[in-house]
Every structure is written in C-alpha cells, then in structure tokens.
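Before any comments, here is the structure.
Numbered from 1 within each chain, the chains take letters A, B, ... in sequence-line order.
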Number of protein chains: 2
Amino acid sequence: MLRTNTEFLSYIDSLYKDEQLGISLQNFEKDSLLLRQGEKNHRVFVIKEGIAKCFFLEENGKDYILEFMSKGQVLGEIEMIRRIDCLCNVAALTALQVYVIPAATFKELLAKDLMLNKILLEELADRIINTSSRASFQQLYTVEHGLAKLLELQEKQGMEISKEDMAAYLGITLRSLNRALKGL
Amino acid sequence: MLRTNTEFLSYIDSLYKDEQLGISLQNFEKDSLLLRQGEKNHRVFVIKEGIAKCFFLEENGKDYILEFMSKGQVLGEIEMIRRIDCLCNVAALTALQVYVIPAATFKELLAKDLMLNKILLEELADRIINTSSRASFQQLYTVEHGLAKLLELQEKQGMEISKEDMAAYLGITLRSLNRALKGL
DNA sequence: AATCATTTGGGACAATTGTCCTTTTTTTGT
DNA sequence: ACAAAAAAAGGACAATTGTCCCAAATGATT
C-alpha cells in the first residue's frame, strides 16, 4: 500500500551525479500538488524522501486514492510513456524531496537504457498486480474486510492516514468508514 | 475493455519466422484454461486470433473479470517479469490461436531487445490506466453507470458477453445485474 | 473562561445490493 | 409435439451503504 522501490532510488542516485542529464532535486511542502489531473506534464519525479498520494477526482466530486507512494517511486512516467495528460492528481502527504528528470532526458534513457527499461517494467508489473488485486478484493468483499486489510498494512508501515484518506482509499464515504470502524 | 495491440502482433509475427527462438503456434478451444491462478507458468502467450478473459477467483467463490483480451495481447508476461505464479485465470471465450514463447526466449529478449521493452512498457502503462480508472469508476459510481458504460463498449466492439461475465466484470451478482438492466 | 469556528462522530431514513428461493423461459432428447 | 432438464429472470426480505443533518468534541481567539 505504501509503495517503495529501493532499486529505482539507487539507480537515480547514480544518474544524478551525471550533470549532463539535467536531473535536479526539488522540495515540495506538505499538501502541495505535484501533478494535476488532466494537465500537461513534462517531467518525471522520483521520490527521495517523504510520502505522496495518487488520487482520481471524479466528476461527481469524490476522490479515489490509488496508491501511497514513498522512497524510490516514480511519478509521471506513465504519462510520458503514453504521451497523455496527467491521469490523476499527486499530492504531498508529508514534506517531499524528489528528483526531477526532464522529459527529454527521460525519453532518451527510455530509448537507450536497458537498465531503466528493466526497472520500469518491474515497477509497472508490480503496480498492475497491486491495483488489480485490490480492485477485485474491494468489489467482492465487504467494506469491513477491506478496512481490516488497510489497518493491518497501515500498522505494519507505521504510517498514519487521515480518516478522509482512508475512506478515499476504500472508495467509501466517511460515514461508512466510521460505521465499519465500530464494527471491528 | 476488449484490449488489442496491433504493434505487438506484428512484432511477434516477425519473431515467429526466426526458428532459433522456438516460438510456436497453438490452438485452444473455447472454454479451455490457458493459465490457472496460483500455478507455475513457464511461457508467454500472444493472442493471434480470438478472445480470452482474465479473471480472479476469490476465496469466497466469486469471480472478478479484469480484462477481455484479443489480438496482440500478451498473457503471462507479468508473471515472467516478476517471477511469480499466475496472478489470475485466463480462459478462452472463443476458439483461440496463440503464439507461445518459451520462458528462456522471452527472458533473453527482455534482457536484450529494446523494441520488446518499449512495446511492453506501453502495454503495461496502458493497462494501469485502464485498471485504475475502472477501479475508481466502479467504486465511486452506481452500478447503473458502470453498466451503461459496459453496454456502450460492448456495442462499439460488436462483442457479446454472457450475463454472468457482465456481472463478473462489474463485480456484482447476477441478481443485481438484472435489476440494473431493468433500470435503464 | 467564554465564544465562535472547525472537525469528528453518529442518528434516522432512503436507496442500493445481496441472499435465498420460486417462477418463467429456453433447451434438449425422445 | 411433449416432458424433463437446465438456464434465466424476478419476488421478498435482510444487510449494507449513502445522504442529510444534528450533536459532541476540539481548538483557536479574544
């Protein structure tokens, strides 16, 4: 649930030293938006420190949190690979330090660097496993099952999530979350 | 919803000619299982003709259909990339003709062929877009919205799906599907 | 300490969905 | 054509979830 990718982090750490590539470090404060759903994007972020959330804002005003991202997670790469506008919003849940890779650099590496390709393939495959397992689980089990799983993960990661975010992660209302919490 | 990938199909078409690679063609009859959730897998399939469904079978006995796959779609690649047992079941909805790529060949290509890497990255990125958008939509909108969208897609693809599969795709019971159909 | 504003939790009712089981329709075999 | 079997549809009730709104708790300000 809190995704990390140490391999990607050390890969990018070493690329950072090569000044040719124009990779920089940037800070975002808590609650700022790194990517805004539907807008153009021209860089790729890799989280060095902190936690972000990726979420859809649906037309009916409801949020759905896809993932919580931490060390070594890439942001904006899907948009770059598929040449589309931002799929979802990405917001900083804590202060963030991120590597920023310019579009040109990322595309060049994609076209030439087998190591990047390998790491990305593994990351995307993993996300598919996660996202699809979760979709299935959330559709076919009760909210209480989903909540129990979420609390377990949260415990294990030692991470605290606001109730609003928990509800958005489960795809339910706050009211239902409160009820489910009682029921445990 | 009915995923295809013409680029992948022509790529594999040309690889097939190289006999060194040991890629073969195989037929599956309607309703047969290509991959069984939880079992080991040692090859990658690419659909040349026909339609398959990927679905989870949850412990409570319910099915959730992830995708309907057709021409040019890869099966088993995630398992190969992440070295895991089959994530879900894959069943033939129509008679199928598929290319079969041995594990060794696929891994070698992964390690050396930038073209394969590129095509796969684009395919996986696209699946993430699909799966996550759908998860969000299904969680945050009513069944009727989801059904309307499904019927629309089905119409557009000129594909017919059994009611049981429609329900499994929407993650609801047959009873609920029938009710929703009335409601339109 | 008192007041106001903001956040958090829950009551009441309506709407949605699941479960179970019966009824209706379709298919199959003779 | 008809009976038997199988598949599909729907009724009735229970459980779950959402909506709307109010009450309690918390926090900031004077």
With a 3.5 Å cut-off and sequence neighbours excluded, list the donor-acceptor pairs that the side chains of residues 56-63 of chain B form with protein atoms.
unit_1, atom_1, unit_2, atom_2, d
B:E58, OE2, A:S136, OG, 2.5
B:N60, OD1, B:K62, N, 3.1
B:N60, ND2, A:L140, O, 3.1

Expected rows: protein N/O vs nucleotides 8-11 of chain D N/O, under 3.5 Å:
unit_1, atom_1, unit_2, atom_2, d
D:dA9, OP1, B:K163, NZ, 2.8
D:dA9, OP2, B:K163, NZ, 3.2
D:dG10, OP1, B:K182, NZ, 2.6
D:dG11, N7, B:R175, NE, 3.4
D:dG11, N7, B:R175, NH2, 3.0
D:dG11, O6, B:R175, NE, 2.9

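Applying the side chain to side chain donor-acceptor pair (under 3.5 Å) test to residues at least two apart or on different chains, the pairs with a partner in residues 80-95 of chain A are A:Q37-A:N89, A:K40-A:D85, A:R82-B:D126. The list of salt bridge (charged side-chain N to carboxylate O under 4.0 Å, His left out) pairs with a residue in residues 141-166 of chain B, not counting sequence neighbours, reads B:K53-B:D165. Sorted by first and then second residue, the side chain to side chain donor-acceptor pair (under 3.5 Å) pairs with a member in residues 12-25 of chain A read A:D13-A:Y99; sequence neighbours excluded.
B:L93 contributes atom CG, which lies 7.0 Å from atom CD1 of B:I65 (distance to the nearest 0.5 angstrom). Here A:L120 contributes atom CG and A:E77 contributes atom CD; the two are 6.5 Å apart, rounded to the nearest 0.5 Å.
Remark: B:T105 pairs with no residue by the side-chain hydrogen bond (donor to acceptor under 3.5 Å, both in side chains) rule, at least two apart or across chains. For the salt bridge (Lys or Arg N to Asp or Glu O under 4.0 Å) test, residues two or more places apart in sequence or in another chain that qualify with B:E123 are B:R3, B:R127. Considering only residues two or more places apart in sequence or on other chains, A:F137 meets the ring pair (Phe, Tyr, Trp, His ring centres under 6.0 Å) condition with A:Y141. Checked against salt bridge (Lys or Arg N to Asp or Glu O under 4.0 Å), A:K107 has no partners two or more places apart in sequence or in another chain.
Taking a pair as Watson-Crick or G-U with both hydrogen-bonding distances under 3.5 Å, the stems of three or more pairs touching DNA chain D are C:1-30 with D:1-30.
Under a 4.0 Å N-O distance rule, the pair A:R134/A:E67 does not qualify as a salt bridge.
Of the residues in residues 136-145 of chain B, B:V143 come within less than 4.0 Å of DNA chain C through at least one heavy atom, sorted by number.
Around atom CD of B:E108, no more than 12 heavy atoms belonging to other residues, nucleotides or ligands sit under 6.0 Å away.
Here chain A contacts DNA chain C (any atom closer than 4.0 Å to a heavy atom, that is under 4.0 Å), and the contacts span C:dG9 to C:dA12 from 5' to 3'.
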